[in-house]
> 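Just dropping this structure here.
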Amino acid sequence: MSADPKTLLADLLRQALNSVAPDHVDTPIVLERPKQASHGDFSSNLALQLAKPMRRSPRDLAALLMAELPASPQVAKVEVAGAGFINFTLVADAKTSVVNAVLSQRERFGRGAATGTKVMIEFVSANPTGPLHVGHGRGAAYGASLASVMDFAGHTVAREYYVNDAGRQMDILALSTWLRYLANFDITVPFPPNAYQGSYVVDMGGEIRNAHGDRFAKVTAEQVLAGVCSVEDDKEDHLDGLIANAKRLLGEDYAWIHDFALTEQLGDCREDLEGFGVPFDKWFSEKSLFDTGLVERAVTALEQQGHIYVQDGAKWFRSSTFGDEKDRVVQRENGLFTYFASDIAYHLNKYERGFDRIIDIWGADHHGYIPRVRGAIAALGLPTEKFEVALVQFAVLYRNGQKAAMSTRSGEFVTLRELRKDVGNDACRFFYVLRKSDQHLDFDLDLAKSQSNENPVYYIQYAHARICSVLAQWNGVERDLLDAELARLDGERELALCARLAAFAEVIQSAAADYAPHQVAFYLKDLAGEFHSWYNAERMLVDDEALMIARLALAAAVRQVLVSGLALLGVSAPTSM
RNA sequence: GCGCCUGUAGCUCAGUGGAUAGAGUACUGGCCUCCGAAGCCAGGGGCCGCUGGUUCGAUUCCAGCCAGGCGCGCCA
């Protein structure tokens, strides 16, 4: 089979353009698949584009182009339509040959040629201070699907999770754990309202007691509260005072508690994500950026470039000269680096690892953070065009028609694990990715739970199961389908299915380019829909052997693309349901 | 106040500088003696938020308004 039809038609149009309008040979040639079958298999608006510069009517130009179009055995019909569109209808062979391509290339069908581009996608990166909730789930599903789609499109993709193991939030978790542990020994310190309330913290306290007895309990409540301001005065100062006391009273044991809590929560998080079909190639530690001195090196580099100044004892990065609305502190008055400083170091590290494209997936609430990171990258003299942020809008959970509160610290949230258990991994992954990332997602928990059978994922899986069932009843050798007489596929629905299959690679490329894995989900819905429609209209297991083989070949091709597409979204393709 | 996202059928959402703006759901009516009815077929339902601008052509691009969400820390 020669070049794909789209490339062929573009070549033909280019030749026609060369003779009709040599001065305009650089006009981009756009071929699209018309929505309506009556408009042919491909349509070009070339004549409409040329109308203005050439000062001729679009329809006249279309007729001229058509007259100069070289003949091709693949093209059955060319016509001028509407305002001046040139519509192409392919011969049946050119349409059905895709079936053979799918069956011979199998899971490689639709895969883009290797681009050699190294892409890093960093996503989820939630603080390991508690279970992942449904908001994190969206970032996880989106990131994992995008990574798979970009990989399939031909890029080399690295998936990474940035572990915030160095900040105050981890200290709050360590303190929370310790206080819960102390309660086992009747050392009762009022639990701060802004500490981590979840029952998992109580559990961790219990585990430490079981394993180590009173090793960390050689204190009194008075010592823990010594010199700490009251909650009423300032609850954040109150918390910081307790943390300082904990560090002082526990000495080296503080690090033990801190690391225990971190390891527990990170392990829980990793296990949850793996169960969700969201793997990572690397879990990058924020703390390691300090250990290797990269944070200091990054700030020093900015300083040497003259982008840092000192004010009120703190070091400020002049991000306002790089488009940010104001300057930002990188090192506080107390000498501690800010989260922003380690983030600058992290991005420096990403560049130093030689990625061509660095994609961060953030929650939409972090959008204000983009200019300062981009500014820091620019200030370090690094190419900012390699850096992109994909914002994922909030997933708002509804329960009983009411917006449900979601806060890790308050402990009032629905965990990703609960959601997965309720609606299943497949429906969960699919539901999350069924919307554009910049669209707010209303996650109706009651609907997802009670009517999960109405989730479109089952519609697609059902098409797959049906095909498996028919092929099983045929009980033939699937290799024989490669020799099918595809000319027997001449029905309207069959040719439409072939066209849909042929569009798979285009959908992959588009989804990868637009960071829009939802396009794959909608494509699969369309493909499944066209299959169901055909299935109801025609029988596959017919007496006419050649016709049966041709139809089974088409069905097998549909099955292959369903499997490939669902795999990209992390959804299974069961043979029966 | 400034910044980002959103506004399309009753509801949840796709989509496009172009031809009659689509799907699911809900509602109405049909289709299993025949490969899986978690399916199919048919029907009604729309100032594509409003007002201007660019264009041969705008629901799409631009500006301004209106409405909703989110953000604007020496937090992470």
Side-chain angles (χ1 to χ4, degrees), chain A residues 30 32 34-36 38-39 43 45 48-49 51-52 55 57-58 81-85 87 125-127 129 164 166-172 236 286 311-316 324-326 328-343 363-371 389 391-394 396 403 431 434-442 444 447 451-463 465-474 516 518-519 521-523 525-526 528-529 531-542 548 551-552 555 576-577:
Chain A
V30 180
E32 57 181 27
K35 280 169 280 189
Q36 285 182 259
S38 65
H39 292 149
S43 173
N45 65 349
L48 291 147
Q49 287 184 63
K52 180 152 197 208
R55 288 195 283 188
S57 96
F85 294 96
N87 293 341
S125 301
N127 286 340
T129 53
N164 298 122
R168 177 169 178 260
Q169 294 305 323
M170 277 308 306
D171 281 327
I172 298 174
E236 297 300 330
E286 179 188 9
Q311 184 180 311
D312 303 331
K315 281 186 184 174
W316 296 70
D324 199 3
E325 57 189 16
K326 57 194 226 187
R328 309 289 175 177
V329 171
V330 290
Q331 192 171 15
R332 292 191 279 262
E333 193 181 359
N334 61 15
L336 293 177
F337 288 105
T338 59
Y339 172 87
F340 178 42
S342 45
D343 224 8
D365 54 337
H366 283 61
H367 79 266
Y369 200 72
I370 297 173
V389 178
L391 291 176
V392 178
Q393 292 292 328
F394 267 28
V396 181
K403 198 169 163 178
F431 196 97
L434 199 53
R435 269 152 191 72
K436 279 189 301 203
S437 57
D438 50 11
Q439 178 78 240
H440 298 271
L441 170 60
D442 293 336
D444 188 329
L447 185 77
Q451 300 184 8
S452 61
N453 277 359
E454 290 174 18
N455 193 300
V457 72
Y458 295 102
Y459 183 77
I460 298 167
Q461 290 180 324
Y462 183 53
R466 267 182 155 176
I467 296 170
C468 290
S469 173
V470 173
L471 287 171
Q473 286 169 64
W474 166 56
H518 77 276
Q519 291 178 13
F522 280 91
Y523 169 82
K525 268 172 68 177
D526 289 343
F531 170 77
H532 284 308
S533 180
W534 175 53
Y535 180 94
N536 274 273
E538 306 285 356
R539 263 186 81 81
M540 287 181 234
L541 300 175
V542 293
M548 176 179 77
R551 287 181 173 171
L552 289 173
S576 67
M577 16 195 326

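Quick note on labels: first sequence line is chain A, next is B, and so on, each numbered from 1. Side chains are part of it too, since the values below use all heavy atoms of this structure and drop only hydrogens, waters and symmetry mates.
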> Given the P atoms of B/A38 and B/C32, what is the spacing between them in whole Å?
15 Å
> Does the structure show A/F85 stacking with B/A19, if we require the centres to be closer than 5.5 Å and the planes to be within less than 30 degrees of parallel?
yes
> Can you sort out the partners of A/H518 under side chain to side chain donor-acceptor pair (under 3.5 Å), two or more places apart, ordered by chain and number?
none
> Contact between A/V389 and A/Y369 at the side-chain level, heavy atoms closer than 4.5 Å - yes or no?
no
> Is any N or O donor-acceptor pair between the side chain of A/N45 and the base of B/A19 shorter than 3.5 Å?
no
> May I ask you to say what A/H39 touches in the nucleic acid, namely base, sugar-phosphate or nothing, with a heavy-atom cut-off under 4.0 Å?
base
> What does nucleotides 31-44 of chain B look like as a protein-contact string, B for base, S for sugar-phosphate only, - for none, at under 4.0 angstrom between heavy atoms?
---SBBSBBSS---
> Please measure how far the P atom in B/G22 lies from the corresponding atom in B/G15, and state the result in whole Å.
15 Å
> What residues, two or more places apart in sequence or in another chain, satisfy side chain to side chain donor-acceptor pair (under 3.5 Å) together with A/S437?
none
> Return the set of residues passing side-chain contact (heavy atoms from CB on, under 4.5 Å) with A/N127 (not counting sequence neighbours), or none when no residue passes.
A/T129, A/N164, A/Q169
> Got a sec, which residues hit side-chain contact (heavy atoms from CB on, under 4.5 Å) with A/V30, two or more places apart in sequence or on another chain?
A/N45, A/Q49
> Any donor-acceptor pair under 3.5 Å between the side chain of A/T338 and the base of B/A76?
no
> Apply side chain to side chain donor-acceptor pair (under 3.5 Å) to A/S43 and list each qualifying residue two or more places apart in sequence or on a separate chain.
A/N87
> Name all stems that contain residues of RNA chain B, defined as runs of 3 or more consecutive Watson-Crick or G-U wobble pairs, both distances under 3.5 Å.
B:1-7 with B:66-72, B:10-13 with B:22-25, B:27-31 with B:39-43, B:49-53 with B:61-65
> Which residues pass the side-chain contact (heavy atoms from CB on, under 4.5 Å) test with A/E325, not counting sequence neighbours?
A/R328
> Mind calculating the distance between NE2 (A/H366) and C1' (B/G3) to the nearest angstrom?
16 Å
> Taking C-beta and beyond as the side chain, do A/F85 and A/H39 meet within less than 4.5 Å on heavy atoms?
no
> What integer number of Å spans the P atoms of B/G52 and B/G45?
28 Å
> Closest to the A/Q169 side chain: B/C70, B/C75, B/C74?
B/C75
> Provide a list of protein-nucleic acid N or O atom pairs under 3.5 angstrom, restricted to nucleotides 4-8 of chain B.
from: B/C5; atom 1: O2'; to: A/Q393; atom 2: NE2; distance (Å): 3.3
from: B/C5; atom 1: O2'; to: A/D438; atom 2: O; distance (Å): 2.7
from: B/U6; atom 1: OP1; to: A/D438; atom 2: OD2; distance (Å): 3.3

> Among all residues two or more places apart in sequence or in another chain, which pass the side-chain contact (heavy atoms from CB on, under 4.5 Å) test with A/A364?
A/Q393
> Return the polar atom pairs (N/O with N/O) between nucleotides 56-60 of chain B and the protein under 3.5 Å, or none.
from: B/C56; atom 1: OP1; to: A/K52; atom 2: NZ; distance (Å): 3.1

> Just jot down the side chain to side chain donor-acceptor pair (under 3.5 Å) partners of A/S533, sequence neighbours excluded, or say none.
A/R493
